[in-house]
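What follows is a set of notes on a single structure, which appears directly below.
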2 protein chains.
Amino acid sequence: MDVGAEATRSTVPDLDAATALVQLARLVQCVQARVSDRHGLTPVQGKLLCALAGGPRGMAELARCFGVEKAALTGLVDRAERRGLVQRSAVPGDRRALAATLTVSGREAATAFHADATAALEDLLAPLGADARTNFRRAMTEIIAASETDEC
Amino acid sequence: MDVGAEATRSTVPDLDAATALVQLARLVQCVQARVSDRHGLTPVQGKLLCALAGGPRGMAELARCFGVEKAALTGLVDRAERRGLVQRSAVPGDRRALAATLTVSGREAATAFHADATAALEDLLAPLGADARTNFRRAMTEIIAASETDEC
DNA sequence: TATTGTTATACTCTATAACTATA
DNA sequence: TATAGTTATAGAGTATAACAATA
């Protein structure tokens, strides 16, 4: 029989924290890349579509949100515009500003991509039991909340 | 008093699995970027140094290990070589093959980078209690082990 | 024929610096 | 002066395709 309480535990020792975090992050990126690819998008374009799903956003606002320089946003929106996913629109009340807005096909792509990505990411937690999954979500939430006080 | 068992829980609801995984991965990347930057490296170069810390590796082997095409490795090793971190060396017994090897300064950089990265990543789990940390590591190990049967 | 590695070319993403137009 | 956005330029990382040398 088994020594411990958890019959499904393997005999493999747990990974150290750093290795596990790196590999988990790699796994998440991998899922994002695979789902993006399925939708004919780059991972960054997928992220852009998700950011615009809630409505138009100014270029400077998007740059801050993505943590990149505003010049990088220009290129990013250029490429997304060339693919017919977004449009630049004027912002009433500030003639300097432009907002990135989803086109009709961009909105469709955003909806499909988001649903697909969410499902694929949730699948990653499938190996855990229901309780372990809940605890894992709680732990991730704590780590993320704590990091918001820090840099990054 | 409190309903549940854990008195330290905040009133903020847990994030959904997909959001939490994406943000956690972003956090890990962020740490990797910050540490790499501190050592004058790109994140991919840091990864290369760590991969070579155990000894020379063939180009094809590295490409498989990184999940990229062999042509990408050529450029990656070119840039690392230009910075004096690695060297190409012949492989006895196969005159087609070349191995990437750490230079003396590359080995120093690898050691320092790895120690720094490990510590910074472990710090991410500091907000968790000792038991929660152990459970978290176990859950990550299970997720990673399960994914190795899958694609990616 | 298959494998190892490189070169050539192109694209995405990013940064910095200089610029225009508006606030 | 400060902010919003663009252009120009450069570099990293990646892919594909064509190639050379060796197995």
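Below, chains carry the letters A, B, ... as their sequence lines are ordered, and counting in each starts from 1. For the numbers below, each heavy atom of this structure counts, side chains included, while hydrogens, waters and symmetry mates do not.
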Classify A:L73 by what it touches in the nucleic acid, base, sugar-phosphate, or nothing, heavy-atom distance under 4.0 Å.
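Contact class for A:L73: none.
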Scan A:R83 against the nucleic acid and name what it touches under 4.0 Å (heavy atoms): base, sugar-phosphate only, or nothing.
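Sugar-phosphate contact only - A:R83 comes under 4.0 Å of backbone atoms but never of a base.
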Euclidean distance, atom [atom1] of residue [X] to atom [atom2] of [N] [Å, nearest integer]:
{"X": "B:L62", "N": "D:dG13", "atom1": "CG", "atom2": "P", "value": "14 Å"}
{"X": "B:L76", "N": "D:dG13", "atom1": "CG", "atom2": "P", "value": "6 Å"}
{"X": "B:F66", "N": "D:dA15", "atom1": "CZ", "atom2": "P", "value": "13 Å"}
{"X": "A:E61", "N": "D:dG5", "atom1": "CD", "atom2": "P", "value": "9 Å"}
{"X": "B:E69", "N": "C:dG5", "atom1": "CD", "atom2": "C1'", "value": "13 Å"}
{"X": "A:R57", "N": "D:dG5", "atom1": "CZ", "atom2": "C1'", "value": "17 Å"}
{"X": "B:Q45", "N": "D:dG13", "atom1": "CD", "atom2": "C1'", "value": "10 Å"}
{"X": "A:E81", "N": "C:dT12", "atom1": "CD", "atom2": "P", "value": "14 Å"}

Which is more 5' along DNA chain D, the nucleotide nearest A:D78 or the one nearest A:A97? Just name the residue.
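Its nearest nucleotide being more 5', the pick is A:A97.
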Quick one: do the B:S89 and B:T101 side chains pair a donor with an acceptor below 3.5 Å?
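Note: B:S89 and B:T101 side chains meet the donor-acceptor criterion.
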Would you say the side chains of A:D131 and A:T134 form a donor-acceptor pair under 3.5 Å?
no
Take B:R64 and B:G75, find for each the nucleotide of DNA chain C with the closest heavy atom, and name the residue whose nucleotide sits nearer the 5' end.
B:R64
Just N and O in the side chain of A:R79: are any of them under 4.0 Å from OP1 or OP2 of C:dT14?
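Answer is no, no contact under 4.0 Å.
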Is B:T74 near enough to C:dT6 that one of its side-chain N or O atoms lies under 4.0 angstrom from OP1 or OP2?
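Yes, B:T74 has a side-chain N/O under 4.0 Å of OP1/OP2 on C:dT6.
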Straight-line distance of A:L15 CG to B:R137 CZ, nearest 0.5 Å:
8.5 Å
From the list C:dT16, C:dT6, C:dT12, which nucleotide is the closest neighbour of the side chain of A:R82?
C:dT12
Against the side chain of B:T42, the closest entry in D:dA12, D:dA4, C:dT14 is D:dA12
Just checking B:H39: does its NE2 atom have more than 12 heavy atoms from other residues, nucleotides or ligands closer to it than 6.0 angstrom?
yes
Salt bridge between A:D78 and A:R83, side-chain N to carboxylate O under 4.0 Å?
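No, A:D78 and A:R83 are not salt-bridged.
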Nucleotide by nucleotide, nucleotides 17-23 of chain D touches protein heavy atoms under 4.0 Å in the pattern (B base, S sugar-phosphate only, - none) B---BBS
